[in-house]
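Down below is the structure, laid out as structure tokens.
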Amino acid sequence: MIPTPPPMGILQVALDVPIDSLFDYLDGGFDVAVGQRVVVPFGRRRQIGIVVGKSAVSEVPSAKLKAIETAFVDEPPLDPDTFALLRFCADYYQYPLGQALLASLPGRLRQTEPAVSRKQYAFRLSAVGLAADIEQLPRRKLIQRKLYAALLEHGVLHESALPEISASWRGAMQGLQESGWVEADEVLAGLSASVSAAVPPPPLNEDQTAALQRMQASEGFKAWLLHGITGSGKTEVYMQWLQQMLADNDGQALVLVPEINLTPQLEARFRSRLPHLPMVALHSNLGEAERLQNWRLAQSGIARIVVGTRLSVFTPLPRLRLVIVDEEHDGSYKQQDSMRYHARDVAMVRAQRAKVPIVLGSATPSLETWHNAQTGKYGLLTLQNRAVAKSQLPRIGCIDTNRVELQDGLSPALIEALRQRLERKEQSLLFINRRGYSPVLLCNACHWIASCTRCSSRLVVHLRQSRLRCHHCGHEQKIVRQCPSCGNADLHPTGHGTQRLEETLARLFPMARIQRVDRDSTRRKEALADILQAVHADEIDILVGTQMLAKGHDFPNLTLVGVVDTDSALFSPDFRAAERLFAQLMQVSGRAGRADKPGEVLIQTTFPEHNLFNALRKHDYVAYADSQLQERQLAQFPPYAFLALLRAEANQYSLVQDFLNDALVLARQLSEHVLTYDPVRPQMEKLKGMERAYLLMQGESRLQIQQLLRQLVPQLRAHPLASKLRWTVDVDPLEF
DNA sequence: AGCACGCCGACT
DNA sequence: GTCGGCGTGCTC
């Protein structure tokens, strides 16, 4: 008798392909769970996939069905909570499920090869080691002695803690292992945190204490806004909250930070204050092996705190107890390609589903968040006072550039303020949001302007390199000496950039040590860190730079911040430009006078009486936010309405136009609630050779928008033009 | 997205 | 006569 083969089940597999459908496969005899990673034959190639469902039958004709090739059954499958969160996002942001799922995994788990993370070890003393004495180690083997002492004290040490002892701990540990004193285990059991003793918590002020008490009094899901100016001690509140929430359990916390090089600083602070809580970081400059390892430590529950940038909002955390989103207003939480999610919003959904509290922290909350705090949807926690007793808020003033003559872009008052700082041996910082020498190259005779051929932008003069550059597409050419239009040799670099400002300052203050900080001067990997170090060492008198300098480091000897040119943001067609400018200027102000020296901020503007500056002078976020919210309400902009954007681009504008016009007709047919506007062209009409336009959809609720998109997007995918141009849907867009 | 198939212009 | 351009269509 022929034995009947075991019946094969059908697996629904999600693949990393831009097709919003699942593919059925025979299970091939593998005992596969939902959430498991599999390798499948797909057309002529092999693909990695995630099993999203199992069934006995398939709609697909059996002749077409193939069996999976491999199942990574020894790996834990993606857990149902993370899976459901990603499914929700794929749905909400109109993105194929398979691509959403796969994009959330570390790179190594997106390959068809078995994923190996670098093996990491935990070390402990052997019986021999325990019986030994430190004096048996030679005195000059200093690192071995330190490691031995640390192991005696802590019992087990994970290798991530060992660089604190010495950068060259590996060799020394090797020696200890060879002499039989130390044994190593591959890590699974215990990721210890830090070898140093906990830095004791500083006393909290009244506001901080009140904030903590209110958070502790709630249970289950609860959203909080922690509103406090720079230096008011938000981080301290986070840390004590973490400490209390994770003290007597095995829970985990997710801490989201913006995409800047600030992560290491926060990480170091957390480690020194909470050494007993194993912590991993997840950000873009981790190597593949380390990223995978850290992700797995989070997934397995060993890591208790995950500090990461936006993508880490999708990290599997089996025992999530709380979520923190630091600097929640920061634009880097919004993914600007592929699945255009907002990590802060996803974090909110995640906390709600997990029934855990979430705190959003900011000195200048986004108006969406502020509105939610005003309506009582979020609890509002305010830190009024600067936690550092001696420090005081800087004086902020405007310089009316209508009434004075500028010298190469600088007003006499600002020049005088700089001179005083040099005299007092204090540092200054000048902000200008343009890099290069000058933003425009103009012919005085015929008014020709050097423009980019691929973008609707002006070419920026980089005098030192003698180049003209497009800051949008990277196009670069030699500087022209003669007007290509009329032959005139009288070409003028017009306007000011960082390079020109640096040159002007060098002429005005020949003795001053001036440092420029922009993308051009920090191209080298360690350049920015070196510059910051030099500022701390008082080797620099004046910093000239772009937004890059707004965040992060505190310079105790820096007492003057000058803002050279911001007026363009005041009247931008993007309704969020003013909100961003206010946040940026507040942040910039935080750079001045952190220590016992009072700081001063001087802003050059042609609109000194603009209400943005009036609020800024009083350090009054609340007044500004409330006035902005009134404007938003009148205009029916977010947070009083919800938006979605259909962006399209092609080398020919007619294609874009035809597609968007058809989409417009469809959208208006499909929804009577959502208001769909005629196609609009963005400020940058042409970018990298592509003609662009978008369709704006506005609704009273997220649901209305969602209902429209759910019908509209599949119809657009089937549109005959859809494959001839590039198009994307952006739900809750931040920039236009 | 890949990777095929497929039908029209300049080359060993 | 072939090599190769990228338009269209499919992948369980």
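All chains are named by letter (A, B, ...) in the order of the sequence lines, taking the proteins before the strands, and each is independently numbered beginning at 1.
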Which pairs, with at least one residue in [range] and sequence neighbours excluded, count as a ring pair (Phe, Tyr, Trp, His ring centres under 6.0 Å)?
| range | answer |
| --- | --- |
| residues 696-721 of chain A | A:Phe659-A:His719 |
| residues 297-318 of chain A | A:Phe314-A:Tyr341 |
| residues 673-703 of chain A | none |

- side chain to side chain contact (heavy atoms under 4.5 Å, CB included) filter on A:Phe575, not counting sequence neighbours, yields A:Arg632, A:Phe637, A:Pro638, A:Leu643, A:Phe736
- Message: Just to be sure I understand the rule, does A:Ile19 reach a base, reach only the sugar-phosphate, or reach nothing, if contact means heavy atoms closer than 4.0 Å?
- Response: base
- Message: Let's see if you get this right: which residues in residues 713-727 of chain A place a heavy atom under 4.0 Å from DNA chain C?
- Response: A:Lys724
- Task: Give me the residues of residues 58-65 of chain A where at least one heavy atom lies under 4.0 Å from an atom of DNA chain C, by number, or none.
- Result: A:Val60, A:Lys64, A:Leu65
- Is there any side-chain hydrogen bond (donor to acceptor under 3.5 Å, both in side chains) pair reaching into residues 73-85 of chain A, and which pairs are they, with sequence neighbours excluded? A:Arg37-A:Glu75, A:Asp79-A:Thr82
- Encode nucleotides 2-8 of chain B as B, S and - characters from 5' to 3', where the letter depends on protein heavy atoms closer than 4.0 Å: B to the base, S only to sugar-phosphate, - to neither. BSS----
Can you pull the salt bridge (charged side-chain N to carboxylate O under 4.0 Å, His left out) pairs that have at least one residue in [range], sequence neighbours excluded?
| range | result |
| --- | --- |
| residues 697-718 of chain A | A:Asp20-A:Arg717, A:Arg702-A:Asp732 |
| residues 57-71 of chain A | A:Arg46-A:Glu69 |
| residues 646-663 of chain A | A:Arg647-A:Asp730, A:Glu649-A:Arg692, A:Glu649-A:Arg726 |

From [atom1] of [X] over to [atom2] of [N], roughly how many Å is that when rounded to an integer?
| X | N | atom1 | atom2 | value |
| --- | --- | --- | --- | --- |
| A:Ile48 | B:dA1 | CD1 | C1' | 16 Å |
| A:Phe23 | C:dC12 | CZ | C1' | 6 Å |
| A:Gln12 | C:dT11 | CD | C1' | 17 Å |
| A:Asp27 | C:dC12 | CG | P | 17 Å |

- Message: Whether A:Arg668 and A:Asp678 form a salt bridge (side-chain N of Lys/Arg under 4.0 Å from carboxylate O of Asp/Glu) is what I want to check.
- Response: yes
- Note on the structure: Those residues at least two apart in sequence (or on a different chain) that pass salt bridge (charged side-chain N to carboxylate O under 4.0 Å, His left out) with A:Glu327 are none
- Query: Going by atom types only, do A:Thr369 and A:Ser366 share a side-chain donor-acceptor pair under 3.5 Å?
  - Reply: yes
